Novice: 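Here it is, the structure, as structure tokens.
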There are 2 protein chains.
Amino acid sequence: MRISALAAEAGLPVATVKYYLREGLLQPGTATSATQASYDESHVRRLRLVRALTGPVGLSVQQARAVLQLVDEPGDDLYSTLGRAVGTLPPDGARPADDAADPYPRARAALEALGQVYDPEFAAVAQLEGALAAADDAGMSITPERLAAYGRAAADLAAYDLERMPTEPRAAVEYTVLGTALYEPVLLALRRLAHQDAAVRRLGRDA
Amino acid sequence: MRISALAAEAGLPVATVKYYLREGLLQPGTATSATQASYDESHVRRLRLVRALTGPVGLSVQQARAVLQLVDEPGDDLYSTLGRAVGTLPPDGARPADDAADPYPRARAALEALGQVYDPEFAAVAQLEGALAAADDAGMSITPERLAAYGRAAADLAAYDLERMPTEPRAAVEYTVLGTALYEPVLLALRRLAHQDAAVRRLGRDA
DNA sequence: ATGATTGGATAGTTGTACTCTCCAATATTA
DNA sequence: TAATATTGGAGAGTACAACTATCCAATCAT
């Protein structure tokens with residue numbers, strides 16, 4: 001399959017496929033001559049994945065490249081691979097304030113209240129700090145009670161996901177990294193729809 | 001308070017404050033002369049809100065303006081105001097396919113399985129469709145079982161939030177719109193951290 | 001053999017979010 | 001009150017991201 005067939009298959013302009021090649025989001029095809037290369041199903045799948053990540057998941061090309069690199073060449077340590085993957089996903093966290101003492105006070109308090117084990121280096125801690133600070137700044141601080149409720153729901157989800165994680169390391173990395181990126185938008189959409197459902201049932205409005 | 005004091009208070013360059021004024025994200029101050037206007041606490045609060053929305057929440061200036069307009073002038077109908085607000089929040093949904101018959105097949109199936117009331121016009125339906133399609137395209141389709149588990153967690157959260165919604169309409173709009181925008185990043189961070197917690201407990205790794 | 005296509009490089013376009021420069025009118029300070 | 005600084009407002013300029021278009025010599029397809 002040559003580049004125009006690949007582009008057609010994926011529903012993208014050829015120029016865009018070339019761009020993804022340049023940017024390292026798409027692995028090069030096998031060169032058959034100085035001006036020809038051939039692509040296969042794996043390239044089609046990769047393009048679909050790229051579009052999923054840059055589209056609904058909302059990643060920038062840089063972020064998508066970082067995620068794909070982790071899936072392509074995971075370290076042997078699942079834990080640190082996941083940590084790095086989460087760091088590449090939006091939203092960006094709060095910068096850790098130059099004085100190293102207690103850089104994430106809100107997040108620390110929240111996680112202690114939840115009784116959760118956590119690694120302060122883990123990017124999600126900074127993300128939580130940023131999100132809590134944003135809510136504070138906007139005058140919509142999150143009560144400890146609400147945090148507990150959200151934490152409980154998050155723990156339920158995590159337990160479900162962890163039970164289904166593949167045992168083979170490579171597959172586990174892919175499951176975890178892509179699962180984080182791809183399932184989050186689903187969860188958010190479901191939450192918004194659940195709000196609507198609850199509102200309709202409660203307020204007795206017929207849509 | 002003049003513009004430089006306002007900017008200092010909010011920790012922003014004056015040029016940026018002027019930009020937000022031009023873009024209608026910040027309400028104008030009260031003019032005291034041809035080249036002077038005065039600003040107060042409400043402007044400081046608004047700037048903090050704008051930064052929260054464009055930062056951790058990840059809204060574009062356009063999206064933030066749309067959200068703020070809804071908070072400033074909610075319609076008398078809470079239901080449709082919330083619907084419009086959700087439509088302005090990322091991620092963008094799937095385009096509804098020109099042939100009107102069953103534009104959101106995956107989302108419809110999912111919501112029917114969950115037994116949820118929903119309005120097909122509600123933007124979150126298109127968002128769910130897009131997210132499910134992205135997962136499919138990326139080769140990580142979501143099983144009905146997982147969807148049920150996520151849906152249950154979302155319903156728990158929605159029930160909690162709805163119970164605490166203010167009764168006064170204006171406050172209810174603000175609570176719902178800002179709550180959706182500001183609490184989602186918190187939930188995502190908590191989910192990522194819950195994954196880490198569960199992984200550490202399960203795999204017995206010490207951070 | 002001859003017109004179309006390819007891979008690869010380079011340049012151009014569009015959109016977003018600022019940031020800078022001016023300017024005349026006003027404040028502030030000496 | 002004179003000199004200096006600041007202001008609001010408008011417009012232009014900048015930087016970056018994500019494409020998109022143009023070239024070109026080397027193949028390919030007919």
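Computed from a predicted structure; not experimentally measured. First the proteins, then the strands, lettered A, B, ... as listed; each starts at 1.
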Novice: Taking the six-membered ring of B/Y160, is NZ or CZ of B/R164 closer than 6.0 Å to its centre and within 45° of its axis?
Specialist: yes
Novice: Starting from P on D/dG9, measure out to CD on B/E23 and report it in whole angstrom.
Specialist: 15 Å
Novice: Given atom CD1 of B/I3 and atom P of C/dA27, what is their separation to the nearest angstrom?
Specialist: 15 Å
Novice: Pairs under 3.5 angstrom, nitrogen or oxygen only, protein versus nucleotides 28-30 of chain D, please.
Specialist:
residue: D/dC28; atom: OP1; partner: A/S33; partner atom: OG; Å: 3.4

Novice: Do B/R170 and B/E174 meet the salt-bridge criterion of a basic N to acidic O distance under 4.0 Å?
Specialist: no
Novice: Would you mind reading off the distance between A/L25 atom CG and D/dA17 atom C1', rounded to a whole angstrom?
Specialist: 13 Å
Novice: Mind listing the closest non-hydrogen atom pair of A/D119 and A/V125 along with its distance?
Specialist: O-CG2, 3.5 Å
Novice: Is any NZ, NE, NH1 or NH2 atom of the basic residue among A/R146 and B/D161 found under 4.0 Å from an Asp or Glu carboxylate oxygen of the other?
Specialist: yes
Novice: Under 3.5 Å, which donor-acceptor pairs do the side chains of residues 55-62 of chain B form with other protein atoms, sequence neighbours left out?
Specialist:
residue: B/S60; atom: OG; partner: B/Q63; partner atom: N; Å: 3.2
residue: B/S60; atom: OG; partner: B/Q63; partner atom: OE1; Å: 3.4

Novice: Would you mind reading off the distance between A/L21 atom CG and D/dA18 atom P, rounded to a whole angstrom?
Specialist: 17 Å
Novice: Reading nucleotides 10-21 of chain C from the 5' end, what letters show protein touch, with B for base, S for backbone sugar-phosphate only, - for no heavy atom under 4.0 Å?
Specialist: B-----SBBBB-
Novice: Under a 3.5 Å cutoff, is there a donor and acceptor pairing between the side chains of A/D156 and B/Y150?
Specialist: no
Novice: Quick check for you: to the nearest 0.5 Å, what is the distance between B/Y20 atom OH and B/L6 atom CG?
Specialist: 12.0 Å
Novice: Could you tell me whether A/D102 and A/R108 have a side-chain N and a carboxylate O separated by less than 4.0 Å?
Specialist: yes
Novice: I need the NE2-P distance between B/H43 and D/dG8, as an integer number of Å.
Specialist: 11 Å
